[in-house]
Amino acid sequence: MGFVIAQSLIEPSVGLIFWKSLAFIIFLYLLYRFGWGPITKALHEREETIDSSIRRAEEALAEAKKIQADNQKARREAEREAQRILREARESADALREEEIENTRARIRQMQEQAQAEIEREKQGALEELREEVAELAIQAAGKILREDMNRDRQRKLVDDFIDNLPKN
């Protein structure tokens with residue numbers, strides 16, 4: 001008996017093959033209808049989403065590269081402009097410094113000339129004053145000489161006194 005059961009399992013049965021085939025075809029239909037369609041649809045949607053994301057990422061990368069290039073160009077231009085401004089500022093400062101030095105030198109020369117002229121005027125004034133005093137003293141001495149009857153010793157003493165009374169400066 002054990003052999004008969006084993007024998008029936010091994011021998012193909014047409015009815016069993018038919019029902020198994022029919023069940024397999026129904027299973028494939030149901031799988032295609034309710035499983036395969038939505039799975040492939042979801043896969044296509046996912047593929048389109050990925051493609052769209054990749055395109056947007058590539059566009060964003062290209063835009064970022066363009067912006068980076070523009071930024072580098074703008075930075076280089078700003079650096080050149082800053083260097084130009086610094087150079088002009090240095091040149092302007094140097095020119096202003098030189099102008100101020102020349103103005104200061106001219107003022108010093110003018111002040112020296114004015115001081116020299118003032119010294120010369122003061123010197124001339126002092127000499128003139130000294131001449132007037134000497135002339136006045138000479139007149140006074142001559143008047144004394146004429147008023148007094150003097151001898152040689154008396155004249156000598158008078159001149160010596162006169163010289164002693166002259167200002168020492």
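In the displayed structure, Arg80 atom CZ is contacted under 6.0 Å by more than 12 heavy atoms of other residues, nucleotides or ligands. Summarising the local packing, CD of Glu118 is surrounded by more than 12 heavy atoms from other residues, nucleotides or ligands at distances under 6.0 Å.
Looking at heavy atoms from C-beta onward, Trp36 lies out of side-chain contact with Ile39 at the 4.5 angstrom threshold. Here the side chains of Thr104 and Arg107 are in contact, with some heavy-atom distance below 4.5 Å.
Here the OG1-CZ distance, from Thr49 to Arg56, works out to 8.5 Å after rounding to the nearest 0.5 Å. With rounding to the nearest 0.5 Å, the separation of CZ in Arg90 from CD in Gln83 is 9.0 Å. Atom OG of Ser53 and atom CD of Glu58 lie 11.0 Å apart (nearest 0.5 Å). Rounded to the nearest 0.5 angstrom, Leu43 CG and Ile50 CD1 are separated by 9.5 Å. A distance of 9.0 Å separates CG of Leu96 from CG of Asn103, quoted to the nearest 0.5 Å. The CZ atom of Phe27 sits 15.5 Å away from atom OH of Tyr32, with the distance rounded to the nearest 0.5 Å.
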For this session: Mind running salt bridge (Lys or Arg N to Asp or Glu O under 4.0 Å) on Arg105 and Glu102 for me, showing each step along the way?
Result: CA-CA 5 Å; Arg105 285 180 181 157; Glu102 281 303 313; 3.3 Å; yes

For this session: Any chance you could lay out the salt bridge (Lys or Arg N to Asp or Glu O under 4.0 Å) test for Glu81 and Arg84, step after step, and finish with the verdict?
Result: CA-CA 5 Å; Glu81 182 68 15; Arg84 183 190 63 78; 2.2 Å; yes

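Under the 4.5 Å side-chain heavy-atom criterion for grouping Ile, Leu, Val, Met, Phe, Trp and Tyr, Trp19 is not connected to Ile25 through any hydrophobic cluster. By the rule that hydrophobic residues join a cluster once side-chain heavy atoms approach within less than 4.5 Å of another member, Leu22 and Tyr29 end up as members of one cluster. Put simply, Ile17 and Leu28 are part of two different groups of oily side chains (I, L, V, M, F, W, Y) that touch within less than 4.5 Å, one to the next.
Checked against Gln124 for a side chain to side chain donor-acceptor pair (under 3.5 Å), the options Arg121, Glu122, Glu120 give a single hit: Glu120. The side chain to side chain contact (heavy atoms under 4.5 Å, CB included) test with Arg75 singles out one residue from Gln72, Lys73, Glu77, and that residue is Gln72.
In this structure, Ser52 contributes its side chain and Glu48 its backbone to no donor-acceptor pair below 3.5 Å.
Between Asp70 and Lys66 there is a salt bridge, since a side-chain N of the basic residue sits under 4.0 Å from a carboxylate O of the acidic one.
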